[in-house]
Amino acid sequence: MKRYDLIIVGAGPAGLSAAIAAAKKGLNVVVFDENEKPGGQLFKQIHKFFGSKEHRAKVRGFVIGSQLLEEADEAGVQVQLNATVIGLYQDKEIVVRIGAEVRHYKGDAIIIATGAAENMVTFPGWTLPGVIGAGAAQTMMNLHGVLPGKKVLMLGSGNVGLVVSFQLLQCGCEVVALVDAAPRVGGYGVHAAKVARTGVPFYLSHTIVAAEGENCVTGVTIAEVDSNFQFITGTEKHFDVDTICLAVGLSPMSQLLKMAGCAMEDNPKRGGQAPICDEYGRTSIPGIIAAGDVSGIEEASSAMIEGRMAGVVAAEYLGYMEKEELDTELASLNQALDGLRQGMFAPKNRGQAIEKTEEGIAVSANLLKNGYVADDEVERFPGITHRSGIHPVIECTQNIPCNPCQDACPKGCISIGSNITSLPIAVEGPECINCGMCVASCSGQAIFLVDEDCGDGTATVTIPYEFLPLPEAGTKGDALGRNGKKVCDAEVVSVKSVKAYDKTNLLTMRIPKEFAMKARFFTL
């Protein structure tokens, strides 16, 4: 039986972060993961992360994954792939299936970072080929280059459903509808808005009646539900689709912790069956620590910080660092984690209907119901300004922990202030130089550069654009509004693609000036 100071189960963002933190303290660390590639969900994440610099904000998930793997290698972490941990026992002995062999290992400490599994919902036809989890669709698209389907209906308006819907559009799928039984959008408004302006309709207070087809999905019927989630007769709507994606939540993969005898609880706010542990992941069994989604569903950014916490906690438990040093490091990590747990989407606010922003501004009712801020609502938010010449228009309307736009502008035209969840404002005084860094750096694609009057009856709007093929200057098409419907004709002035934009192209379109504050997307 081989022995290690620390055994980590799961090579995702939490597990790798824990391994790096512990190895830097001198521990002999091994990480087991059942997959062929390390990195967990990170390599499926092609969008830019939220948060601040310390949270790796505005960096795409797959890049963060590569960074963590490089750091783990430099720290001397051993990562064993295609290794399924099938048993965890109270004396910190684990049983691992590697190929055709079953091996035993002993750890002086164990960190469980197994993440979460997708939830499913049942309805007539739910077992037909073509009904898949949103995470599975993401794996097909972003890891294997396989189109999940041609016409897709997405069930679920949380961040996973919104992000994957946008990625389906990016890879050439038609998303016919985004459906949720809840009465309001569950994920970030900026994620919803970038889906809505492409023309995808939102059906809130709706869910699936049945999937249709003999050998595979050929259609789906949805219907509106009442406050008790019962179907309302006569509200049925049919769509011809070949794929139904389910993004209906995640549940902690906590079976190993339960097997080891750790105290557990059934907590809906944490995603289901989760270990009872302290704020740093210590379970009821000394030396067994939980990190990431296995201890409660949150974002990958939070999981990385929780992993680092678990790594140093394990180091102190095994005597590789003093209690005073641990307290200092945990205080710093706590501050970083606390920043991500603020705002409207903080864990403490789950299930609550937030009616006003931290600034006292009424939340957009249309955003929550239809996925986009209505024209008659948008002017009340502080990022919306009207000036002569090119200037930033910031359509960020919810208190989300994110501030890359503030750091990106070389002239200081945008400010969030010291509170990371504050709504961004366009600062009076500094002149925008049209560099486009704010547009490219916004993780929610919610910033636009607008010249409301070019002097010839036209205006220009610069939008973030992440679709291929890229249109060329002079291409004529349609300018779509926030609701995804045509507002006017448009002509492409330029498309800028530079390394600093990190694959977010800046498309500038010329439109009649009366539509300068309405046109937010371009399509042929």
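Because the structure is a prediction, the values reported are computed rather than measured. The first residue in the sequence is number 1, and the count goes up from there.
- Within 6.0 Å of the CD atom in Glu431, the count of heavy atoms belonging to other residues, nucleotides or ligands does not exceed 12.
- Not a single donor-acceptor pair under 3.5 Å links the side chain of Lys518 to the backbone N or O of Cys488.
- Looking at Arg270, its side chain does come within 3.5 Å of a backbone N or O of Pro275 through a donor-acceptor pair.
- When each of Gln398, Glu377, Lys369 is paired with Ser364, the side-chain contact (heavy atoms from CB on, under 4.5 Å) condition holds for Glu377 and for no other.
- Contact annotation: the side chain of Leu204 approaches that of Val185 to within less than 4.5 Å [non-hydrogen atoms, C-beta and beyond].
- A cation-pi geometry, defined here as NZ or CZ lying under 6.0 Å from the six-membered ring centre and within 45° of its normal, holds between Arg520 and Phe448.
- The side-chain heavy atoms of Val59 and Phe49, taken from C-beta on, include no pair separated by under 4.5 Å.
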Verify side-chain contact (heavy atoms from CB on, under 4.5 Å) between Ile361 and Leu423, making sure each step is shown before the conclusion. CA-CA 10 Å; Ile361 303 169; Leu423 295 180; 4.1 Å; yes
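- At distances below 3.5 Å, at least one donor-acceptor pair connects side-chain atoms of Glu118 with backbone N or O atoms of Ala134.
- For Thr243 (side chain) and Pro148 (main-chain N/O), a donor-acceptor pair under 3.5 Å exists by modelled atom type.
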Trace of the side-chain hydrogen bond (donor to acceptor under 3.5 Å, both in side chains) decision for Thr523 with Asp478: CA-CA 5 Å; Thr523 184; Asp478 296 334; over 6 Å; no
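- For the pair Thr207 (side chain) and Ala181 (backbone), a donor-acceptor distance under 3.5 Å is absent.
- Residue Asn366 holds its CG atom at 8.0 Å from CG of Asp376, rounded to the nearest 0.5 Å.
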Going through the checks in order, is the side-chain contact (heavy atoms from CB on, under 4.5 Å) test met by Val313 and Arg282? CA-CA 8 Å; Val313 165; Arg282 299 183 184 98; 3.5 Å; yes
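- Screening Thr462, Val493, Ile463 for a side-chain contact (heavy atoms from CB on, under 4.5 Å) involving Leu507 leaves a single residue, Ile463.
- Of the possible polar contacts, none joining the Gln273 side chain to the Met264 backbone as a donor-acceptor pair under 3.5 Å is found.
- When each of Val163, Ile46, Val160, Leu168 is checked for a side-chain contact (heavy atoms from CB on, under 4.5 Å) with Gln138, only Val163 meets the rule.
- Within a 6.0 Å radius of NZ in Lys513, other residues, nucleotides and ligands contribute 12 heavy atoms or fewer.
- Under a 3.5 Å cut-off, the side chain of Arg510 and the backbone N or O of Thr458 do not form any donor-acceptor pair.
- Residues Leu16 and Leu69 form a side-chain contact, since some pair of their non-hydrogen atoms from C-beta on lies under 4.5 Å apart.
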List the steps, then state whether side-chain hydrogen bond (donor to acceptor under 3.5 Å, both in side chains) holds for Glu299 with Ser301. CA-CA 5 Å; Glu299 300 292 331; Ser301 300; over 6 Å; no
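- Residue Ile111 comes nearest to Ala291 through the heavy atom pair CG2-CB, 4.2 Å, listed as atom of the first residue, atom of the second, then distance.
- Put simply, the side chain of Asp226 gets close to the backbone of Gln230: a donor and an acceptor are under 3.5 Å apart.
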Dump the intermediate steps for salt bridge (charged side-chain N to carboxylate O under 4.0 Å, His left out) on Arg308 and Glu71, then the final yes or no. CA-CA 13 Å; Arg308 291 162 62 190; Glu71 290 178 37; over 6 Å; no
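- Atoms OH and CG, from Tyr465 and Leu470 in turn, are 7.0 Å apart once rounded to the nearest 0.5 Å.
- Taking all atoms of both residues into account, the shortest heavy-atom contact from Gln167 to Asn142 is OE1-ND2, 2.9 Å.
- Residues Ile420 and Phe50 have side chains not in contact (no heavy-atom distance under 4.5 Å, counting atoms from C-beta outward).
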Verify side-chain contact (heavy atoms from CB on, under 4.5 Å) between Val495 and Phe522, making sure each step is shown before the conclusion. CA-CA 12 Å; Val495 178; Phe522 176 85; over 6 Å; no
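- Between Ile64 and Gln45, the closest side-chain pair of non-hydrogen atoms is not below 4.5 Å.
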Apply the test side-chain hydrogen bond (donor to acceptor under 3.5 Å, both in side chains) to residues Ser251 and Asn119: give CA-CA distance (whole Å), side-chain angles for both, the deciding distance (0.1 Å), then the verdict. CA-CA 7 Å; Ser251 296; Asn119 295 337; 2.5 Å; yes
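- Just one residue in the list Val248, Val220, Ile222, Asp180 forms a side-chain contact (heavy atoms from CB on, under 4.5 Å) with Leu155, and that residue is Val248.
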Can I get a per-line list of side-chain donor-acceptor pairs under 3.5 Å for residues 339-347, giving both atom names and the distance, sequence neighbours left out?
unit_1	atom_1	unit_2	atom_2	d
Arg341	NE	Glu298	OE1	3.0
Arg341	NE	Glu298	OE2	3.3
Arg341	NH2	Glu298	OE2	2.6
Arg341	NH2	Glu306	OE2	2.7
Gln342	NE2	Asp338	O	3.2
Gln342	NE2	Asp338	OD1	2.9
Gln342	NE2	Asp338	OD2	3.4

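- Counting only distance, with no hydrogens or angles, the side chain of Gln352 and the backbone of Asn349 share no donor-acceptor pair below 3.5 Å.
- To the nearest 0.5 Å, atom CG of residue Asp451 and atom NE2 of residue His391 are 7.0 Å apart.
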Under the side-chain hydrogen bond (donor to acceptor under 3.5 Å, both in side chains) rule, what do His47 and Gln445 come out as? Steps first, then yes or no, please. CA-CA 10 Å; His47 58 281; Gln445 299 192 11; over 6 Å; no
Under 3.5 Å, side-chain donor or acceptor atoms of residues 328-335 against the rest of the protein: list the pairs with distances, not counting sequence neighbours.
unit_1	atom_1	unit_2	atom_2	d
Thr328	OG1	Glu324	O	3.1
Glu329	OE2	Lys25	NZ	2.4
Asn334	ND2	Tyr280	OH	2.7

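- Side-chain N or O atoms of His191 include none that pairs as donor or acceptor with a backbone N or O of Gly189 at under 3.5 Å.
- Rounding to the nearest 0.5 angstrom, the gap separating the OG atom in Ser17 from the CG atom in Leu68 is 4.5 Å.
- For the residue pair Val393 and Ile384, the shortest heavy atom distance occurs at CG1-CD1, 3.6 Å.
- Here CZ of Arg387 is found 9.0 Å from SG of Cys432. Values are rounded to the nearest 0.5 Å.
- The CE atom of Met154 sits 10.5 Å away from the CZ atom of Phe202 when rounded to the nearest 0.5 Å.
- In plain terms, the two heavy atoms of Ile414 and Cys405 that are nearest each other are CG2-SG, 3.7 Å.
- When all heavy atoms are compared, the tightest approach of Pro512 to Asp489 is CD-O, 3.8 Å.
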One pair to check against side-chain contact (heavy atoms from CB on, under 4.5 Å): Thr114 and Ser254. What are the steps and the verdict? CA-CA 7 Å; Thr114 43; Ser254 57; over 6 Å; no
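- Ala177 approaches Phe239 most closely through the heavy-atom pair CB-CZ, 4.0 Å.
- Considering only residues two or more places apart in sequence or on other chains, Lys44 meets the salt bridge (charged side-chain N to carboxylate O under 4.0 Å, His left out) condition with none of them.
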